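Fair warning: this is a prediction, and the values are worked out from it, not measured in the lab. In listed order, ligands and their atoms are each counted from 1. Residues take their numbers from the sequence shown, with the count starting at 1.
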Amino acid sequence: MYPDKKITIAIDGYSSCGKSTLAKALAKRLGYIFIDSGAMYRGITLYCMRHQLILDGKPLIEKIEKILPQIKLTFIYNSSSEKHDLYLNDEDVEELIRMPDVASNVSPIATIKSVREKLVAEQQKMGEYGGIVMDGRDIGSIVFPNAELKLFVTASPEIRAERRLKELTQKGIDTTFKIVLANLLERDLIDSTRKESPLIQTKDALFIDTSNLTQAAQLQLSLKYANQVLESYSDKTNC
Ligand code: DC
């Protein structure tokens, strides 16, 4: 409908609120690239776990800073999942970074300033030319503060834990609602109270509560917002 203009869409929100699913569907409908920025924090976490750089849940910050240049993260398109898989130093780690042990170590890693600086610079490069939907915690506030469309997505903790539990059970991972909920709440707290780029809803972000919305309804709403932005550009062109 608006063939020339490619906007940047920033989607932020708490863990397991459905933002990646929404971001992926939105990108597909618009013909944009979808990047799950959380995968990059998970990739660094996996590397740190493999190199004993996390002791009793605490990252060894100075050592991690030294080895950061050795970590190469790349996204390669997977046509069967229709999304980009994360490669860590040329190894496909898309499955491994979704495992519960990575999930329980990632939030402390995401508080490290040098880790954030490295990843934000890489994310900004990916979005240089627009036509991207990126989801995370600091996308509208730090990575793309000038994004033409910002969405802040949430859902109640119980609904998020239920959704996460279902995903894990489908993957054959044995866990309980209580454990999943506790992990989510702990990550919410770390993500929203950390010193470096905490999760916030920026003033210009549109709020979407997915608790009682189907995935189709979330997509419809987001497409409506995206089309409103795109229409405003086509109006400017016609003036
Ligand atoms: O979205 P996720 O659950 O895959 O994110 C994993 C962790 O990385 C989570 O603790 C939040 C953090 N994160 C972040 O700090 N900034 C981002 N842009 C994306 C994720």
Colleague: Please list, by chain and number, the protein residues whose heavy atoms come under 4.0 Å of ligand 1.
Modeller: Lys19, Ser37, Gly38, Tyr41, Arg42, Val106, Ser107, Ala110, Arg116, Gly136, Arg137, Asp138, Ile139, Arg187, Asp191, Arg194
Colleague: Is Lys166 paired with Glu162 through a side-chain N to carboxylate O contact shorter than 4.0 Å?
Modeller: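 Looking at Lys166 together with Glu162, the answer is no, because their closest N to O distance does not fall below 4.0 Å.
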Colleague: With a cutoff of under 4.5 Å between side-chain heavy atoms, which Ile, Leu, Val, Met, Phe, Trp and Tyr residues group with Leu189?
Modeller: none
Colleague: In chain order, what residues pass the salt bridge (Lys or Arg N to Asp or Glu O under 4.0 Å) check against Lys28, with sequence neighbours excluded?
Modeller: Glu82
Colleague: Grab the two heavy atoms, one from Leu88 and one from Leu73, that are nearest each other, plus how far apart they are.
Modeller: CD1-CD2, 3.8 Å
Colleague: Show me the pairs that pass ring-ring contact (aromatic ring centres under 6.0 Å, His included) and involve residues 57-111, at least two apart or across chains.
Modeller: Tyr77-His84
Colleague: Side chains of Thr45 and Ile97: closer than 4.5 Å at any heavy-atom pair?
Modeller: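 No, too far: nothing below the 4.5 Å cut-off.
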